[in-house]
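Right, one structure below, let's go through it.
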Amino acid sequence: MNIAALLAGLFSGLLGAMGLGGGAVLIIYLALFTETEQLRAQGTNLLFFVPIALCAVIIYAFKKQIKWKMVLKIAFWGLLGAFLGTSLTGFFGQEITVKIFGGLLILMGVKEVLAKSEKN
């Protein structure tokens, strides 16, 4: 195993378990270091996060940090969004999906750079 794979897995799992979107790290790693096409990287990322999310849910549930009623209220819409997102990704194809993903990463980065820090 190379060091890039180790770091990508570690940081993806760490950020994902914190709810901070570790998928971006894994998709970037797969696309840049393994030359995996974007759509395949997205699918791999989703499968990667099933056991990561399960582990995090168990820990958060044990700490009573999950609002189960809220989860049930929004789960339907999340499932619908996942279906629509998957359908749109297949419709747009590789070239446009890569650009959308890159644009979203740039927007998130700009937002974080410009965000005012909160005092605790």
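Residue pairs satisfying the ring-ring contact (aromatic ring centres under 6.0 Å, His included) criterion with at least one member in residues 21-56, sequence neighbours excluded, are listed as follows: Tyr29-Phe33. Screening residues 49-64 for salt bridge (Lys or Arg N to Asp or Glu O under 4.0 Å), with sequence neighbours left out, gives no hits.
Hydrophobic clustering of Ile, Leu, Val, Met, Phe, Trp and Tyr side chains at less than 4.5 Å, counting indirect connections, unites Ile100 with Leu88. Hydrophobic cluster membership differs between Val57 and Val50, with clusters built from Ile, Leu, Val, Met, Phe, Trp and Tyr side chains linked at under 4.5 angstrom. Hydrophobic cluster membership is shared by Leu32 and Leu30, with clusters built from Ile, Leu, Val, Met, Phe, Trp and Tyr side chains linked at under 4.5 angstrom.
Looking at Leu14 and Val25, their side chains never come closer than 4.5 Å, going by heavy atoms from C-beta outward. The shortest side-chain heavy-atom distance between Val98 and Glu37 does not fall under the 4.5 Å cut-off.
Separation of atoms OH (Tyr60) and SG (Cys55) is listed at 10.5 Å; rounding is to 0.5 Å. Note that the CG atom of Leu15 and the CG atom of Leu10 stand 9.0 Å from one another [nearest 0.5 Å]. Between Thr36 atom OG1 and Leu26 atom CG the span is 9.0 Å, to the nearest 0.5 Å.
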| task | List the steps, then state whether side chain to side chain contact (heavy atoms under 4.5 Å, CB included) holds for Ile27 with Gln38. | result | CA-CA 8 Å; Ile27 291 172; Gln38 180 79 21; 3.8 Å; yes
| Ile28 and Phe101: CA distance, side-chain angles, deciding distance, side chain to side chain contact (heavy atoms under 4.5 Å, CB included) verdict | CA-CA 10 Å; Ile28 291 168; Phe101 181 71; 4.3 Å; yes
May I have the list of side-chain donor-acceptor pairs in residues 69-84 shorter than 3.5 Å, sequence neighbours left out?
none

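Applying the salt bridge (charged side-chain N to carboxylate O under 4.0 Å, His left out) test to Glu112 and every residue at least two apart in sequence or in another chain returns nothing. Listed by chain and number, the residues in a ring-ring contact (aromatic ring centres under 6.0 Å, His included) with Phe11 amount to none (sequence neighbours excluded).
Taking Ile, Leu, Val, Met, Phe, Trp and Tyr as hydrophobic and joining them when side-chain heavy atoms fall under 4.5 Å apart, one finds Leu54 in a cluster with Ile58.
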